[in-house]
Number of protein chains: 2
Amino acid sequence: MVSKQFDGPAAADLRRADSLAREIFSDVANKWALLIIEALGDRTLRFSELRTQVQGISHKMLTQNLRMLERNGLVERRVYPTVPPRVEYTLTEAGRGLQATVDAMCDWTQRFLNHIESARTHFDNPERLS
Amino acid sequence: MVSKQFDGPAAADLRRADSLAREIFSDVANKWALLIIEALGDRTLRFSELRTQVQGISHKMLTQNLRMLERNGLVERRVYPTVPPRVEYTLTEAGRGLQATVDAMCDWTQRFLNHIESARTHFDNPERLS
DNA sequence: CAGCATCCACTACGATACTG
DNA sequence: CAGTATCGTAGTGGATGCTG
């Protein structure tokens, strides 16, 4: 993911892409964004539905992250000008691509749940001797 | 990743595992942790080497995240009681499992770089008409 | 219902300085 | 060299209230 070496003509492009990549990574590699992606899955959900699916998330964080995801073209936002208003969110193709990797992370979590739990107790306890 | 329904006998265990999973997810789904995992890869690195590999990270964030990763059994920390001290970090099996998913995320970033970039400019600009 | 704005508590983070 | 501690700031995120 890093492009050092060479200051040639095309190097600037590489550096630009690199910094963009890091920016995207920073946007996307946060708890709420990933949980939203995961919650959406292949469904289409309304704002309020998402709010209950991703439990623990506040109104504010949800809007904020949805805007960010929309800006990056990962979710599509469809507004129905009815009353009361109805807004639906769906993953785009890019979003579904990311979702696949989040799925992998969830699987990983399940797989190593026990390993991690015991590692934690070892670490947290007075660890008498070696 | 969610276990609703039923309040039966084994339900408590499921809820415990669930909250643990969410805890792990929160720990791990953050920018620095993932970048450290990625930087380590299959190598063994010293603290100072990691510091330069994960550029932009502060001394403090690095120690903090390394402790967290160690606590969760994702990295192994080996201390050589020499002078000056030498501390090496390596991914454990669990860590390498996670690394695979981070790799996938990086690949994804590269794949959709252009898509995302254009989505951004569409979003950021005055968007004249539809 | 969805979203924006405001306020405020809290913590995350960087800078700095001190130990083994 | 690696780590801990302290401190100040800037940002995060929750609660609340107002709009279409």
Side-chain angles (χ1 to χ4, degrees), chain A residues 22-23 25-37 39-40 43-72 74-91 123-124 126-127 130, chain B residues 22-37 39-40 43-72 74-91 123-124 126-127:
Chain A
R22 251 181 274 116
E23 218 180 300
F25 200 88
S26 300
D27 270 6
V28 144
N30 90 63
K31 188 182 152 187
W32 291 129
L34 295 184
L35 285 175
I36 291 171
I37 296 279
L40 266 178
R43 298 177 293 178
T44 292
L45 293 179
R46 303 183 57 169
F47 183 87
S48 48
E49 291 168 335
L50 260 172
R51 182 120 164 60
T52 69
Q53 288 295 319
V54 184
Q55 13 86 295
I57 196 169
S58 70
H59 189 110
K60 190 185 182 181
M61 282 299 99
L62 184 54
T63 23
Q64 210 169 92
N65 278 279
L66 281 173
R67 284 301 156 280
M68 181 273 286
L69 292 173
E70 187 192 359
R71 182 172 111 92
N72 287 320
L74 305 192
V75 305
E76 192 198 336
R77 177 169 178 267
R78 223 166 321 173
V79 184
Y80 299 91
T82 60
V83 55
R86 174 189 190 81
V87 182
E88 291 181 344
Y89 295 91
T90 320
L91 289 186
F123 189 94
D124 292 343
E127 21 206 351
S130 81
Chain B
R22 253 182 273 115
E23 218 180 300
I24 295 168
F25 200 88
S26 299
D27 269 6
V28 143
N30 91 63
K31 188 184 154 187
W32 291 130
L34 295 184
L35 286 175
I36 290 170
I37 296 279
L40 266 178
R43 299 178 292 178
T44 292
L45 293 180
R46 302 184 56 171
F47 183 87
S48 49
E49 291 168 336
L50 260 173
R51 182 120 164 59
T52 69
Q53 289 294 318
V54 184
Q55 13 84 298
I57 198 170
S58 70
H59 188 108
K60 190 182 179 182
M61 281 301 98
L62 184 53
T63 25
Q64 209 168 93
N65 278 278
L66 281 173
R67 284 300 158 282
M68 181 273 285
L69 293 173
E70 188 192 358
R71 182 172 111 93
N72 287 321
L74 305 191
V75 304
E76 191 197 339
R77 178 169 177 266
R78 223 166 321 175
V79 184
Y80 299 91
T82 60
V83 55
R86 175 187 188 82
V87 182
E88 290 182 346
Y89 294 91
T90 320
L91 288 185
F123 189 95
D124 293 341
E127 21 204 354

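Sequence lines set the chain letters: A, B, ... in the order given, protein chains first and strands last, and positions in each chain run from 1. Below, each value reflects all heavy atoms present in this structure, side chains not excepted, and no hydrogens, waters or symmetry copies.
Residues Asn30(B) and Asn30(A) have side chains that never bring a donor and an acceptor to within less than 3.5 angstrom of each other. Judged by distance alone, the side chains of Glu76(A) and Tyr89(A) never bring a donor and an acceptor atom under 3.5 Å apart.
Counting non-hydrogen atoms under 4.0 angstrom, Tyr89(B) reaches the backbone sugars and phosphates but no base. Heavy atoms of Arg51(B) sit nowhere under 4.0 angstrom from any nucleic acid atom.
Here Arg46(B) reaches the OP1 or OP2 of dA2(D): one of its side-chain N or O atoms lies under 4.0 Å away. Residue Ser48(B) places at least one side-chain N or O closer than 4.0 Å to OP1 or OP2 of dA2(D).
At a threshold of 4.5 Å between non-hydrogen side-chain atoms, the residues Val87(A) and Arg77(A) count as touching. You'll find the side chain of Phe25(A) reaches within 4.5 Å of the side chain of Leu35(B), heavy atoms only.
Side-chain N or O atoms of Gln64(B) include none that pairs as donor or acceptor with a backbone N or O of Met61(B) at under 3.5 Å. One N or O on the side chain of Arg51(B) and one on the backbone of Ile57(B) form a donor-acceptor pair closer than 3.5 Å.
Rounded to whole Å, the distance from CG on Leu35(B) to P on dC13(C) is 12 Å. Glu88(A) has its CD atom 13 Å from the C1' atom of dC1(C), to the nearest Å. In this entry the distance linking CG of Leu62(B) with C1' of dA12(C) reads 16 Å, nearest Å. What separates CZ of Arg67(A) from C1' of dC4(C) is a distance of 10 Å, to the nearest Å. Between Arg77(B) atom CZ and dA2(D) atom C1' the separation is 8 Å, expressed in whole Å. Atom CG of Asn30(B) and atom P of dT11(C) are 17 Å apart (whole Å). Taking atom CG on Leu45(A) and atom C1' on dA2(C), their separation rounds to 15 Å, with Å as the unit. Between Gln55(B) atom CD and dG14(C) atom C1' the separation is 17 Å, expressed in whole Å.
Annotation for Val28(B) and Ala33(B): closest pair O-CB, 3.8 Å, computed over non-hydrogen atoms.
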Worksheet item: Can you give one letter per nucleotide of nucleotides 13-20 of chain D, going 5' to 3': B for a protein heavy atom under 4.0 Å from the base, S for sugar-phosphate only, - for none?
Response: BB-----B
